[in-house]
Amino acid sequence: MAGPSAPSYVREFTRHSSDVLTNLNELRKRRMLTDVTLRVGGCPLQAHKAVLTACSGFFYSVFLGHGGHEVSVLTLPSSIEPVGFQALLDFMYTSRLLLSPGTAPAVLVAASYLQMEHVVQSCHRFLQASYDRLTFLVPPPDCQALPEMSQPPKDEPSLQRGAIVVPFLRGATTEGPPQPASFHPPGKDSAAVAHLRAHVLIHTGEKPYPCGTCGTRFRHLQTLKSHLRIHTGEKPYHCEQCRLCFRHKSQLRLHLRQKHGAVTNTKIRYQVLDGSYATVC
């Protein structure tokens, strides 16, 4: 009769994740094992699809979508500036985001397009802190001067096997897989207007949404809704594995990554890895 099995344990190496990122970044700098070329403002940048997919909902949709494994060259729209995208690419490989008052707007535009919600929020907070140090007023937005969707170029670039050209949508964020350059999804103009109006509040300092309980005022309605959960005790985000509940989605994502080894992304369904390590908490 077999005796009792030896006890097992799991040891966590706290430096492992940072070491992996460091090695991946070194591979990128040496252009080793890179499998996609990103063209931003005419500048070719080498990267790994796996890293891009793990960090961006947009790249997740592109590379895991139909034919995504064949994509070897991806041209991003001209609305994304090289300085903004380079900061995001470095962040993906180092977990360090370099921001300055001069580069933050470009990083914000790029992060919005790439569906990196946590970076978008960080950029908003950085810009708010920067503008709070200044005392100036910006006139109300002129609806006639609001950005509109750009028209597709007359000579659309030919799509070759292994290459994708992403359409240019000025002033609006894009969710989901890229659309053909001649396609204009309905409602994007109104989304651009709403985004601009919300951005202008950063300059004016206006906070039109008050909390009815404590009186704290907020610039965005969604921020107020999140704040109200402090008073109501509501925790709408729950873990399906251990039934813990959380007040904010970011808290749930962090829990899933740290406790269940989940692969999470702000724009995709959470996936908890199967196997023996998935149950280790």
Side-chain angles (χ1 to χ4, degrees), residues 20-100 102-120 122-123 149-183 265 267-268:
V20 171
L21 274 182
T22 300
N23 293 335
L24 285 172
N25 193 35
E26 190 64 28
L27 290 174
R28 174 177 68 108
K29 292 179 179 179
R30 298 183 182 183
R31 298 188 177 184
M32 299 174 63
L33 299 179
T34 54
D35 50 4
V36 65
T37 299
L38 304 169
R39 297 192 178 276
V40 186
C43 301
L45 299 171
Q46 302 290 324
H48 302 88
K49 291 181 181 179
V51 175
L52 299 175
T53 301
C55 298
S56 162
F58 170 78
F59 287 125
Y60 182 96
S61 301
V62 171
F63 296 134
L64 295 186
H66 179 69
H69 64 283
E70 298 180 353
V71 177
S72 60
V73 179
L74 183 62
T75 301
L76 298 180
S78 57
S79 60
I80 298 180
E81 300 179 26
V83 64
F85 183 82
Q86 183 66 62
L88 289 180
L89 188 60
D90 292 340
F91 164 72
M92 294 180 190
Y93 280 87
T94 64
S95 75
R96 294 187 294 270
L97 182 63
L98 180 61
L99 291 176
S100 70
T103 62
V107 176
L108 174 60
V109 171
S112 298
Y113 192 91
L114 299 181
Q115 301 173 13
M116 301 174 67
E117 181 182 336
H118 52 302
V119 177
V120 171
S122 296
C123 289
M149 301 288 293
S150 63
Q151 296 297 326
K154 294 182 179 179
D155 299 326
E156 295 184 0
S158 57
L159 296 181
Q160 302 176 354
R161 182 178 180 84
I164 284 184
V165 177
V166 179
F168 173 29
L169 303 177
R170 183 186 296 115
T173 59
T174 301
E175 297 183 2
Q179 306 291 344
S182 59
F183 177 75
N265 189 284
K267 297 296 182 182
I268 63 176

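The model shown is predicted, which means the values in this text are computed figures rather than measured ones. Every heavy atom of this structure was used, including side-chain atoms; hydrogens, water molecules and symmetry mates were not.
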Item to check | Atom of Ala104, atom of Cys123 and distance for their closest heavy-atom approach | outcome: O-SG, 4.3 Å
Item to check | Within 6.0 Å of CG in Leu64, more than 12 heavy atoms from elsewhere | outcome: yes
Checklist entry - With a 4.5 Å heavy-atom cut-off, do Leu21 and Asn23 have their side chains touching? => result no
Checklist entry - Roughly how far, to the nearest 0.5 Å, is the CZ atom of Phe63 from the CZ atom of Phe58? => result 8.0 Å
Checklist entry - Looking only at heavy atoms, which two atoms of Phe59 and Thr53 are closest? And how far apart? => result O-OG1, 4.0 Å
Checklist outcome for this item: Smallest heavy-atom separation, Ala47 atom then Leu89 atom, equals CB-CD1, 4.2 Å
Next on the checklist: Under a 3.5 Å distance rule, please check whether Thr103 uses its side chain to pair with a backbone N or O of Ser100 as donor and acceptor.
Outcome noted: yes
Item to check | Nearest heavy atoms of Leu45 and Gln86, plus distance in Å | outcome: CD2-OE1, 3.5 Å
Checklist entry - Can you tell me how far the OG1 atom of Thr34 sits from the CG atom of Leu27, to the nearest 0.5 Å? => result 9.0 Å
Checklist entry - Under the 3.5 angstrom rule, does the side chain of Thr94 hit a backbone N or O of Arg96 as a donor-acceptor pair? => result yes
Checklist entry - Looking only at heavy atoms, which two atoms of Gly41 and Pro82 are closest? And how far apart? => result CA-CG, 4.1 Å
Item to check | Any side-chain heavy-atom pair of Phe85 and Leu38 under 4.5 Å | outcome: yes
Next on the checklist: Main chain of Val71, side chain of Lys49: is a donor-acceptor contact present, judged purely on distance under 3.5 Å?
Outcome noted: yes
Next on the checklist: Would you compute the distance between atom CG of Leu88 and atom CG of Leu52 and round it to the nearest 0.5 angstrom?
Outcome noted: 11.0 Å
Next on the checklist: A side-chain contact here means heavy atoms from C-beta on lying under 4.5 Å apart; do Val119 and Leu97 qualify?
Outcome noted: yes
Item to check | Side-chain donor or acceptor of Ser56 paired with backbone N/O of Leu114 under 3.5 Å | outcome: yes
Next on the checklist: Tell me whether the rings of Phe91 and His118 are parallel (<30°), tilted (30 to 60°) or perpendicular (>60°).
Outcome noted: tilted
Next on the checklist: When you compare the side chain of Leu98 with that of Asp90, does any pair of heavy atoms fall below 4.5 Å?
Outcome noted: no
Checklist entry - Is there a donor-acceptor contact under 3.5 Å from the side chain of His48 to the main chain of Met32? => result yes
Checklist entry - More than 12 foreign heavy atoms under 6.0 Å from CD of Gln46: is that the case here? => result yes
Checklist entry - Hey, does Leu76 have a side-chain heavy atom less than 4.5 Å from the side chain of Arg39? => result no
Next on the checklist: Please find the pair of heavy atoms, one from Gly57 and one from Gln115, that lie closest to each other, and give the distance.
Outcome noted: C-OE1, 3.3 Å
Next on the checklist: Go through it in stages, so that I can follow the logic: the residues are Glu81 and Val109, the test is side chain to side chain contact (heavy atoms under 4.5 Å, CB included), and I'd like the CA-CA distance, side-chain angles, deciding distance and then a yes or no.
Outcome noted: CA-CA 8 Å; Glu81 300 179 26; Val109 171; over 6 Å; no
